[in-house]
Amino acid sequence: PKFRIKTKRGTYNRIIEVRADTRRKLLQTKRKIGWLICNLDDYLVENRCFRCSIYGHRSQDCRGEETCPLCAGEHKLKECSIPANEHKCINCMIYNKYTKTEKICENHSSMDKKCPSLHAVLRKYKQNTDY
């Protein structure tokens with residue numbers, strides 16, 4: 001066991017580290033732990049800078065400008081007064097700027113767990129990990 005994370009429902013997710021062969025076996029089926037039947041999945045987290053809201057680095061290493069994670073404006077999160085229907089994701093905006101073929105939705109905050117840019121980063125991380 002490494003650590004545990006409390007969910008919004010009041011339950012806990014346990015994070016464990018195992019060898020590659022054990023990981024493959026665990027991911028194939030559900031496991032019974034105590035009286036619970038549990039789903040197992042990889043624990044992947046991407047760094048998001050709290051200063052510029054861009055994935056891949058932390059605020060102490062940031063060279064970018066201060067960016068609001070809700071509206072992609074040049075102000076802090078505390079100063080943002082934009083309603084939820086006008087949120088913009090800075091990561092998706094950057095993706096669309098440099099990608100000519102496929103455009104993705106920008107109408108969400110950069111903290112959204114359903115962000116297409118976040119899922120792309122996590123997919124790339126998983127592909128590049130040698131299990």
Side-chain angles (χ1 to χ4, degrees):
K2 287 297 208 180
F3 55 93
R4 68 181 187 169
I5 300 171
K6 189 173 184 178
T7 65
K8 291 180 181 179
R9 294 185 201 142
T11 60
Y12 289 94
N13 290 331
R14 305 235 182 230
I15 311 303
I16 61 172
E17 187 173 346
V18 295
R19 294 191 334 236
D21 56 335
T22 306
R23 174 191 166 271
R24 276 191 293 278
K25 290 177 186 175
L26 289 174
L27 290 177
Q28 289 175 354
T29 60
K30 293 182 179 185
R31 296 291 170 179
K32 184 177 180 185
I33 301 173
W35 292 100
L36 301 172
I37 296 177
C38 302
N39 294 319
L40 300 171
D41 200 3
D42 289 324
Y43 177 71
L44 300 173
V45 177
E46 179 56 37
N47 291 330
R48 184 178 58 83
C49 177
F50 291 113
R51 188 166 181 267
C52 70
S53 300
I54 296 177
Y55 298 117
H57 66 276
R58 296 180 183 204
S59 58
Q60 57 262 37
D61 303 324
C62 184
R63 295 184 184 148
E65 298 176 9
E66 182 88 35
T67 306
C68 175
L70 297 179
C71 68
E74 295 180 1
H75 57 268
K76 295 183 181 194
L77 174 63
K78 295 178 194 176
E79 301 166 357
C80 190
S81 59
I82 300 293
N85 62 347
E86 295 181 23
H87 285 179
K88 292 283 183 190
C89 176
I90 188 69
N91 296 299
C92 293
M93 290 170 65
I94 292 170
Y95 178 85
N96 287 338
K97 181 179 176 181
Y98 293 106
T99 304
K100 304 294 183 208
T101 56
E102 175 192 355
K103 302 293 183 188
I104 58 176
C105 178
E106 301 173 354
N107 299 330
H108 56 274
S109 76
S110 64
M111 298 183 293
D112 191 354
K113 299 286 185 202
K114 297 176 185 173
C115 174
S117 294
L118 172 63
H119 289 283
V121 168
L122 294 177
R123 243 188 338 271
K124 187 176 179 181
Y125 179 74
K126 206 172 192 177
Q127 288 171 351
N128 292 335
T129 302
D130 182 22
Y131 293 107

For the residue pair Y55 and Y125, is the inter-centroid distance of their aromatic rings smaller than 6.0 Å?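 Not under 6.0 Å, so no.
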Hey, are the side chains of [X] and [Y] touching, using non-hydrogen atoms and a 4.5 Å cut-off?
{"X": "N13", "Y": "Y43", "answer": "no"}
{"X": "S109", "Y": "P69", "answer": "no"}
{"X": "C52", "Y": "I90", "answer": "no"}
{"X": "P1", "Y": "R14", "answer": "no"}
{"X": "H75", "Y": "C80", "answer": "yes"}
{"X": "E102", "Y": "Y95", "answer": "yes"}

Tell me if the [atom1] atom of [X] is crowded by more than 12 foreign heavy atoms within 6.0 Å.
{"X": "K103", "atom1": "NZ", "answer": "yes"}
{"X": "Q60", "atom1": "CD", "answer": "yes"}
{"X": "I5", "atom1": "CD1", "answer": "yes"}

Going from [atom1] on [X] to [atom2] on [Y], what distance comes out if it is rounded to the nearest 0.5 angstrom?
{"X": "E106", "Y": "S117", "atom1": "CD", "atom2": "OG", "answer": "9.0 Å"}
{"X": "S81", "Y": "E79", "atom1": "OG", "atom2": "CD", "answer": "10.0 Å"}
{"X": "T7", "Y": "Y12", "atom1": "OG1", "atom2": "OH", "answer": "9.0 Å"}
{"X": "K100", "Y": "K97", "atom1": "NZ", "atom2": "NZ", "answer": "9.5 Å"}
{"X": "N107", "Y": "C105", "atom1": "CG", "atom2": "SG", "answer": "4.5 Å"}
{"X": "C38", "Y": "L26", "atom1": "SG", "atom2": "CG", "answer": "11.5 Å"}

Would you say L44 ends up clustered with V121 if hydrophobic residues are merged whenever their side chains have heavy atoms under 4.5 Å apart, either directly or through other cluster members?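 They do share one cluster, since a chain of ILVMFWY contacts under 4.5 Å joins V121 to L44.
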L118 reachable from M111 in the ILVMFWY side-chain graph, under 4.5 Å edges: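 No: no chain of side-chain contacts under 4.5 Å links M111 to L118.
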Tell me, which pairs form a salt bridge (Lys or Arg N to Asp or Glu O under 4.0 Å) where one or both residues lie in residues 38-57, sequence neighbours left out?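 Applying salt bridge (Lys or Arg N to Asp or Glu O under 4.0 Å) to every pair that reaches into residues 38-57, excluding sequence neighbours, yields R23-D42, D42-K126.
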Keeping to residues at least two apart or across chains, list the salt bridge (Lys or Arg N to Asp or Glu O under 4.0 Å) pairs with something in residues 54-65.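 Passing the test, one end in residues 54-65: no pairs.
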Would you call K114 and D112 a salt bridge, taking side-chain N to carboxylate O under 4.0 Å as the test?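 Between D112 and K114 there is no salt bridge, as every charged N stays at least 4.0 Å from the carboxylate O atoms.
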Over all heavy atoms of both residues, which pair between K30 and N39 is shortest? Give the atoms and the distance, please.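 Smallest heavy-atom distance, with atoms named: CE-OD1, 3.0 Å.
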Work out which heavy atom in S110 is nearest to a heavy atom in N91; give both atom names and the distance.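 For S110 and N91, the tightest heavy-atom pair comes out as CB-ND2, 3.9 Å.
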Does the H87 side chain pair with the main chain of A72, one donor and one acceptor, at a distance under 3.5 Å?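 No.
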